[in-house]
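Chain identifiers are assigned alphabetically (A, B, ...) following the order of the sequence lines, protein sequences preceding nucleic acid strands; residue numbering begins at 1 within each chain.
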Amino acid sequence: MADDSTQIDMRSRRSMDDDVFVYSAHRDHTQYALNDLKDALSRWRLVRTMVRTEFNTRYKGTALGAFWLTATATLTVLGLGVIYAQVFQSDFTTYLPYVGIGLITWGFISGFVNESVSVYVSSVSVFSQIRIPLSIFPMRLTGRLIQTFFYRSLVILGILIFVVPAKPPLQYAVALAGVVIVTWTGFWISILFGIIGARYRDFGQFIGAFMTFAFFLTPVFWDSQRLGPYAYVAEFNPFFHFLNIIRGPLLDLPDVGLSFAVTLVIALITPVAAFAMFAKFRHRLPYWC
Amino acid sequence: MARIELQNVGVEYLVREMRRSSLVSAAKSFATGGDIDMSNRNKVMISALKDVSLTFGDGDRVGLIGHNGAGKTTLLRVLSGILPPMEGSILIQGRLAGLLSIQLGLDQNASGYENIFIRARYMGCSEEEIAERFDDICEFSELGDYLHLPLRTYSSGMRVRLAFSIATAFEPDILILDEWLSAGDATFREKAAERLKNLVAQSGIFFMATHQPGLMKRMCNKGVILEKGRVTFQGDVEEALEIHAGKMPVAKAG
């Protein structure tokens, strides 16, 4: 593969202490953006270190450490599961998995959207001090959100083992594919929104307000089947589809095929838009932040 | 072989009024058809660097001289490849280490040992290299058993020692210093200056910005004077200091 050869090239150059950095203000910036992404990928160890540092700082001195994420998720899911099963007059054993998996998956999806807007604004102290590929910060965010989701999804695992009857293995694999699609799209969204959020500070506030609204508009804790004539509220809501590709296969919910189709299209469009933005404005980020 | 070339580099900072940087006002002026005017109204441009062309090669130890706001830090950031200039082009050949920030990337809760790895990864060093240089870094920092303790227990001088030891351990071809070296104690400063001299002597380029003429004379052989973002002089360091001192009597005292 072409990627491999460039990889080796870079490494041998590095060991020869012969790095060359060239930048011209009026050259086409696509190549710089591409190099930035490649460089960030080759430095995955740094991404891991950054994520670990963030977790260390947040959970330093606590007895549970990052398992606080699991504990918090358990309490929320149990609380909502019990109370809303009563409110909606639903059966506890079908409602608890629905709202439990729904909430945790929603947290994963909305985490990308909510935090992407500050991905550059909040890391200016790093890239204004050292030469570092700028796509490394969306990677750090992606890494942190995956790790957060991992600890929370232990609750999903518990629900699947103890509450939900076993499904064919293929369905679990489909749900994992859903996680991959969310992660992939989320990474590109965090580049796209990170750049917009750095330039227009209102954007971050707007997204914050919008996501609160979106939470209630998305069938996270209520059943989309009950919408009746208003079914389009769910159908035209991309968040519903991203939720449904993870929760749907685990709980035999309808429209999983449709949701995969919709999210795959989005997963193909966002990289194009994000890369175009990145190539056009990457070199402006140090000025904006 | 280390080499730095700047060609007609220009940097302008745009200071927007608060209203300008909001999406709402951009949309408003768009709606009123003020698309082009939008770029001219309510904007304050600061030219930090104007038409700067410099070329340096092995053995050049360059001191940057200039008043506050003359563009020294901006130039160091362009030289480090951190700030992409808005005009012109740059070429940096050789491994570059910048000591612009002490705290960068350091994890307050991790030990000194762990922080060596963290900081070195930020600098883009490979794992093998870090392992290779690890003992040297520990030894040079003189932190001894403190390296087992979390960084938050370190004094600011100890942090400087650790950061300096890491930054200079990987034999950079190009070393860039903003003036913070004074933070260590006297003995360590001597030792650090000695190491810098050795590093620079081996080959490579050294840049520093400082307001201390004495330090600059000791460390540098070339001087660059910046005035309002333009290079007004480049050449011998003594000459540069004299010209600068003549223009600014206060500097004579130092």
Side-chain angles (χ1 to χ4, degrees), chain A residues 10-11 13-27 29 32 39 42-50 52-61 123-134 136 196-206 282-288, chain B residues 1-3 5 7-14 16 18 21-26 77-78 80-98 100-110 114 117-118 121-129 150 152 170-173:
Chain A
M10 276 184 47
R11 237 177 263 152
R13 235 195 278 156
R14 225 166 235 173
S15 61
M16 282 161 65
D17 275 11
D18 199 22
D19 305 40
V20 179
F21 173 80
V22 184
Y23 177 84
S24 181
H26 297 293
R27 196 88 58 75
H29 288 281
Y32 297 142
D39 201 11
S42 75
R43 292 174 71 178
W44 58 272
R45 274 200 182 86
L46 175 61
V47 178
R48 198 181 60 185
T49 305
M50 287 167 141
R52 201 175 285 164
T53 304
E54 278 182 281
F55 267 77
N56 281 351
T57 312
R58 197 166 297 180
Y59 297 105
K60 179 76 192 172
S123 45
V124 61
S125 61
V126 178
F127 66 80
S128 67
Q129 301 295 345
I130 198 163
R131 192 171 93 210
I132 195 165
L134 288 179
I136 215 160
I196 301 175
R199 176 62 185 83
Y200 298 107
R201 300 302 163 91
D202 296 68
F203 186 67
Q205 300 297 328
F206 167 74
R282 187 187 67 96
H283 57 289
R284 285 285 165 266
L285 284 170
Y287 292 89
W288 290 345
Chain B
M1 200 204 68
R3 188 172 174 77
E5 271 175 45
Q7 271 177 1
N8 311 102
V9 163
V11 170
E12 278 184 339
Y13 293 116
L14 175 63
R16 289 188 185 82
M18 291 313 283
S21 66
S22 76
L23 196 63
V24 176
S25 60
R77 287 173 72 201
V78 171
S80 312
I82 293 167
L83 191 69
M86 296 175 96
E87 294 293 332
S89 61
I90 51 178
L91 180 146
I92 304 169
Q93 190 178 342
R95 161 173 286 185
L96 186 143
L100 302 181
S101 163
I102 312 167
Q103 297 286 342
L104 172 75
L106 297 178
D107 182 348
Q108 296 299 321
N109 295 307
E114 287 166 309
F117 279 91
I118 295 174
R121 279 182 197 136
Y122 268 98
M123 292 166 56
C125 304
S126 70
E127 298 300 298
E128 305 87 68
E129 266 182 304
R152 62 191 142 84
F170 297 94
E171 287 169 6
D173 304 309

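Annotation for R27(A): atom CZ does not count as buried by contact number, only 12 or fewer foreign heavy atoms lying within 6.0 Å.
In this structure, chain B has no heavy atom under 4.5 Å from any part of R282(A). Looking at Y23(A), both its backbone and its side chain come within 4.5 Å of chain B, counting heavy atoms on both sides. I130(A) touches chain B through backbone and side chain together, each having a heavy atom under 4.5 Å away. Looking at E114(B), neither its backbone nor its side chain comes within 4.5 Å of chain A, counting heavy atoms on both sides. In this structure, the portion of S125(A) lying under 4.5 Å from any heavy atom of chain B is its backbone and not its side chain.
Put simply, the side chain of Y287(A) never gets that close to the backbone of E12(B): no donor and acceptor are under 3.5 Å apart. A distance-only check finds a donor-acceptor pair linking the side chain of R43(A) to the backbone of R121(B) [under 3.5 Å].
The residue among R77(B), M86(B), E5(B) with the most heavy atom pairs within less than 4.5 Å of chain A is M86(B). Of the listed residues (E54(A), R284(A), R45(A)), the one with the most heavy-atom contacts under 4.5 Å to chain B is R45(A).
Taking both residues in full, the closest heavy atoms of R131(A) and G81(B) are given as CG-O, 3.4 Å, listed atom of the first, atom of the second, then distance. Annotation for V9(B) and P85(B): closest pair CG1-CB, 3.6 Å, computed over non-hydrogen atoms. Nearest heavy-atom pair, H283(A) versus P286(A), reported as atom, atom and distance to 0.1 Å: O-CD, 3.7 Å.
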